[in-house]
Amino acid sequence: MTATHTPGAVHVDTVDHAVSTPEVNQPYRELGLKDDEYARIREILGRRPTDAELAMYSVMWSEHCSYKSSKVHLAYFGTTTTEEMRAGMLAGIGENAGVVDIGDGWAVTFKVESHNHPSYVEPYQGAATGVGGIVRDILAMGARPLAVMDPLRFGAADAPDTRRVLPGVVAGVGGYGNCLGLPNIGGEVVFDPSYQGNPLVNALCVGAMRVEDLHLAHASGTGNKVILFGARTGLDGIGGVSVLASDTFAGDEGGTGRKKLPSVQVGDPFMEKVLIECCLELFGAGLVVGIQDLGGAGLSCATSELASAGDGGMLVNLDRVPLRATGMTPAEILSSESQERMCAVVRPSDVDAFMRVCAKWDVIATEIGEVTDGDRLVITWHGQTVVDVPPRTVAHEGPVYQRPVQRPADQDALVAAGPEQLPRPSGPDELRAEILRMAASPNLASRRWVTEQYDRYVRGGTVLAQPSDAGMIRVDEATGRGVAISCDCNGRFVRLDPYAGTQLALAEAYRNVAVSGARPVAVTNCLNFGSPEDPGVMWQFEQAVRGLADGCAELGIPVTGGNVSFYNQTGATAILPTPVVGVLGVIDDVAARIPTGLGAPGDVLVLLGATEPELGGSEWAHVAHGHLGGRPPAVDLRRERRLAEVLRGGGVAAAHDLSDGGLAQTLVEACLLSGTGCRVTLPGDDPFVALFSESSARVLVAVPPAELDGFTARCTEADVPWRRLGTVGATDVLEIEGIPALPLPELRTAWEGTLPALFG
Amino acid sequence: MARVVVDVMPKPEILDPQGQAVANALPRLGFAGVSDVRQGKHFELEVDDSVDDRTLERIAEGFLSNPVVEDFVVRRVES
Amino acid sequence: MARVVVDVMPKPEILDPQGQAVANALPRLGFAGVSDVRQGKHFELEVDDSVDDRTLERIAEGFLSNPVVEDFVVRRVES
Amino acid sequence: MKVGVITFPGTLDDVDAARAVRLAGAEPVALWHGDADLRGVEAVVVPGGFSYGDYLRAGAIARFAPVMGEVVAAARRGMPVLGICNGFQVLCEAGLLPGALLRNAGLHFVCRDQTLRVERTSTAWTGSYEQGVEIVIPVKNMDGRFTASKSTVDELEGEGRVVFRYVGGNPNGSVGDIAGICSTDGRVVGLMPHPEHAVDALTGPSADGLGIFRSVLGSVPA
Ligand SMILES: Nc1ncnc2c1ncn2[C@@H]1O[C@H](COP(=O)(O)OP(=O)(O)O)[C@@H](O)[C@H]1O
Ligand SMILES: [Mg+2]
């Protein structure tokens, strides 16, 4: 149960030892390396790797770090990004996070990352360290982190395990983010049985900096010092590498006896807060040449990536690393995923000043090495060389796979089984009951139980947060310049048609940003899929990437970065393919934001876009019949683009987009958010379709009467279909013509009661 | 009725930021000589005599502690 | 070196929602017979032999616990 | 007028408190936890956050910071001191205000727009409000449940030292719906909700919190 520590020295497998013992059996399979991958490592090195080298290669060549299955597909993002789209991009795919020029000398960086598996094992710490990791990514770009978001997915809302996982994840996201002092400005909570046993915990961070302060992760300048700072390195998060320390491998020379170390890490948000302030002071004083956060793969990743991206080699004295545990081996130190650490490259003349800043913030900082003029990454342990590798082969030249891709055999049957034959509610009373049932269903019910656990005010720049369509923060207090972000994905749509479904995710995030009044400018993503060894999953993945890239090209906004998470499955069953898409928008003055809701009494309600009988993959089919089949709604990105332009043209007092649950849900939410009723007439001749269809490219807007003619004229001109639905009333009732009135208190009880009843 | 005490502590290899914060503060407060602090939870349960040790163990392991990151000790004390 | 344990508990008259939450959850999980639960903190300190009982008392009273709402017990255990 | 705003390691709302001080028409002065120096300020704000991670108890470690010795001494001489959220917790730990703040009754962090009633206007920080007025400002904390012995609560109520009370729902189980209290002389005020996050309707639920920072301008002899 507890780690026992070796008395005396740890067995160390040096390079010399490796050269003289070529035939040692190394447990590379236990570390996840394939036979040919291991053979390639031996070929690169011209000998067998040492324990420490094996540890480095195995983590860096893992799917998570090397993108070996996804690389060939992700390349498509590059080929579809035009020069025009690239114009505002200061850093793109390949950097820690994408960076976008938002004007006035400001640059914004944002990225989403997954922390799915750790959050299933230990929901609180898994989610907490997920937030911590993405924040360090943003910090490593030289930016001040400004806000976080958390797209989450869980099994069925009433499943017992969801009751274990969800409260822990939410407490972890909040516990870390709140203590760190970053406002949570949005996210998602989605329930579907496919996530049972494999919840998705994605975390997004956005940060800002002056354009000239952009820091890229590279180690250059021979003689520059490598400084590790932040938390001490411990035995947490070592996971698989502990096999290197097992008796069988380390043999008689004193294995540490550590068998199964917990692969979870515990986060220290206080340390991270201090680390942020310390880093920003270091950046501000110009004391940093290059910087890299330590996340997955710890020092293995940081040293090899810094060296690989630089113009020289690197020498690291591993015995200088401050440790939290005794008896750690070099392989363990290199693989430890202890949180809240950063690695910087610093000019020798700046080292003292660097150390003074760290001391001011009580941050431990240690010079562990330097940049050399060679082209090798050399790591020593008490004077003996334990790693001597070409860093690019570790960090950037890992294996690349062209995995088999095959459209699943059941795809046709799935698409053929559309929702047309499902019994529908009919008549006023049934429709009324359906509106209430939908509003109370887990995927549509108020997220307040979750979002109340998140600080959305800290830093004083939050202009929109939940329950708005997009989160919005002010970047520049003097000018009011700000950014808006939304993350979206409907995995059911993606399951039915991965290409179109991913474009629908893009369309929704784009629309949510547009509805806030911002101009969408860039895209990030977190592609959560099943096993890449399943050709059907690879087909979903390939289609999703193509759909996203082609969609971005059509919208004229680039993908600036992202993250791939494979192996999200329970047994042989993969999750719904879930490419979460995050769209970033810019607004010149946040005072011009469009609030989410209904507007003021007397405002005219106008529905933008066209409603078709599109219920494949809809929330209604899911809630009423547990049905998934047919085609997802049609995508029309050109219309989304025009819709966004119309919204930016002004004249709108409030807005709310239509997505899951259709017009019914949008009306319910808009009324409850504004605390005002309204009276509307449904479009078309089928009230059921009007209420529950999930056709895309639609928005409900509230327009003051004086603006109405001008606004609708602009819609007509832009070829955006519009239709007057009714007016905002000073009443406490949602009145839909032909359906018995829905008093707001009754709607509120339905909408707000669900999550508290489930989770306490 | 018996009183049962359950102490739950972070596993030795797991980071304990709370204990660390205390340990770092003590010298600043003028207390020397404390080299390490770990902080955990202390539960006191009033338990029916019918509840056996195996049940207490299950309560401690499955509910009061998180076996992934914590160890626990159960003690019956005089009531 | 000695190991010192400090247990800090909410005073009896202070509402303890954490303990209460545990007590309420146990029957739902199928554990009967636990009539009351209180939750506090458990500290384990590694202490130099030079540190006397009076000092430990001051650490526990003035720092590890808040006398307005908490009681504490200090114990030296074998090291 | 110069108003100090303290930063401890882990303080989060110092920037916002300084902004509120500025918007109210005073000059914010940054005070560092490690310096036993109030830099000539005439009032002090101890802002919110998680000083030292709130790891031992909220506010327990911060109260020993060198700057707090100066704050306690100055408060005893009548300098206006405002503790917001974590700052309130620090002031209680430091003995400038009675009672303690414990884990919210619901055991969750709670962030919501909260209605408060201003129960007392004769303090250094509430003079610009009308007695009994209701204001909406955010509350956001994990340990916000005000607790004190019965005699202390009776004393606070009897002496009219409850400055703010939760209205329309108590977010954390505080005794008597108490959201904020003051010292016997009304110069030291602590409250859990965050007035610095209600200084304009763009980034907060209202501008109701500004009155707290305006009040202090009138509370010290010019
Ligand atoms: N996990 C979460 N964290 C923070 N905010 C969330 C989370 N889940 C949902 N929200 C917020 O709740 C609101 C409603 O969510 P949702 O219905 O998914 O929005 P939309 O359909 O407009 O994308 C949004 O403001 C969203 O950002
Ligand atoms: Mg929306």
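Order of the sequence lines sets the chain letters (A, B, ...), proteins ahead of strands, with each chain counted from 1. FYI, side chains are in, hydrogens and waters are out, and symmetry mates aren't considered; it's all heavy atoms of this structure.
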Quick one: what part of B/Val37 sits under 4.5 Å from any heavy atom of chain C, side chain, backbone, both or neither? both

Report yes if the side chains of C/Val73 and C/Met9 come closer than 4.5 Å at any heavy-atom pair, otherwise no. no

Can you tell if the side chain of C/Glu61 reaches within under 4.5 Å of the side chain of C/Val74, non-hydrogen atoms only? no

Counting N and O atoms only, with roles assigned by atom type, does the side chain of C/Arg38 sit under 3.5 Å from a partner on the main chain of B/His42, one being a donor and the other an acceptor? no

If the contact rule is any heavy atom under 4.5 Å from chain C, which residues of residues 15-28 of chain B qualify, in numerical order? B/Val22, B/Ala25, B/Leu26

What residue, out of C/Leu56, C/Val5, C/Leu29, has the most heavy-atom pairs lying under 4.5 Å from chain B? C/Leu29

Bottom line for B/Ser50: the part with an atom under 4.5 Å from chain C's heavy atoms is neither

Do C/Arg3 and C/Glu46 meet the salt-bridge criterion of a basic N to acidic O distance under 4.0 Å? yes

Closer than 3.5 angstrom, by distance alone: can the side chain of B/Glu70 be matched with the main-chain N or O of B/Asn66 as a donor-acceptor pair? yes

For each of B/Gly62, B/Gly33, B/Ala32, tally heavy-atom pairs with chain C at distances under 4.5 Å, and name the one with the top tally. B/Gly33

Given side chain to side chain contact (heavy atoms under 4.5 Å, CB included), test B/Phe72 with B/Lys41 step by step and report yes or no. CA-CA 9 Å; B/Phe72 65 89; B/Lys41 293 175 193 153; over 6 Å; no

Sort B/Phe43 into side chain, backbone, both or neither according to what part of it lies under 4.5 angstrom from a heavy atom of chain C. both

So, applying side-chain contact (heavy atoms from CB on, under 4.5 Å) with B/Met1, which one of B/Asp48, B/Val51, B/Val47 is it? B/Asp48

Is the backbone of B/Ala60 close enough, under 3.5 Å, to the side chain of B/Ser65 for a donor and an acceptor to pair up by distance? yes

